[in-house]
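Worksheet: one structure, shown below.
Position 1 is the first residue of the sequence; numbering continues from there. Predicted model only: the values in this text are computed from it and were never measured.
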Amino acid sequence: MGLCSSCFKGSADDGLITPDATIRRQQQLEAAERRRVENESRGIKDVDKVRRMQQKAEETARREDEAARMGGGQPALRWQQD
C-alpha cells in the first residue's frame with residue numbers, strides 16, 4: 001500500500017482562480033441586493049397586494065392631512081353632551 005504524495009500537492013493550474021477585487025465587489029453587491037429583495041418578500045404571498053395596501057394607506061393619510069389643513073385644524077365632527 002503506497003501513498004501517492006503528489007496527489008496532495010497543489011498545482012498551479014488547480015482551476016481555483018479568484019476574481020479581481022472589482023469583480024468580487026460587484027458579485028457581493030448583487031448577492032446583497034438579492035438577499036434584500038428576498039427578505040422584503042419573506043412571508044408575503046402576494047407582494048403586489050401589499051404594495052397596493054401601502055399605497056392606499058399613504059393616500060388616506062395624505063387626504064387626512066390635506067383635510068386638516070383646509071379645515072383650519074378644526075375636526076369635522078364635534079362632541080355634544082345632552
For Val37, which of Arg34, Glu33, Arg35 qualifies under side-chain contact (heavy atoms from CB on, under 4.5 Å)? Glu33
When you look at Val50 and Gln54, which way does the side chain to side chain contact (heavy atoms under 4.5 Å, CB included) test go after all the steps? CA-CA 6 Å; Val50 172; Gln54 287 175 342; 4.0 Å; yes
Do Gln55 and Glu59 have a side chain donor and acceptor closer than 3.5 Å? no
Is it true that the side chains of Arg42 and Asn39 contain a donor and an acceptor less than 3.5 Å apart? yes
Report the residue from Glu66, Glu58, Glu64 that forms a side-chain hydrogen bond (donor to acceptor under 3.5 Å, both in side chains) with Arg62. Glu66
CE on Met53 to CG on Asp48, rounded to 0.5 Å: 13.0 Å
Measure the CG-CZ distance between Asp46 and Arg52 for me, rounded to the nearest 0.5 Å. 6.0 Å
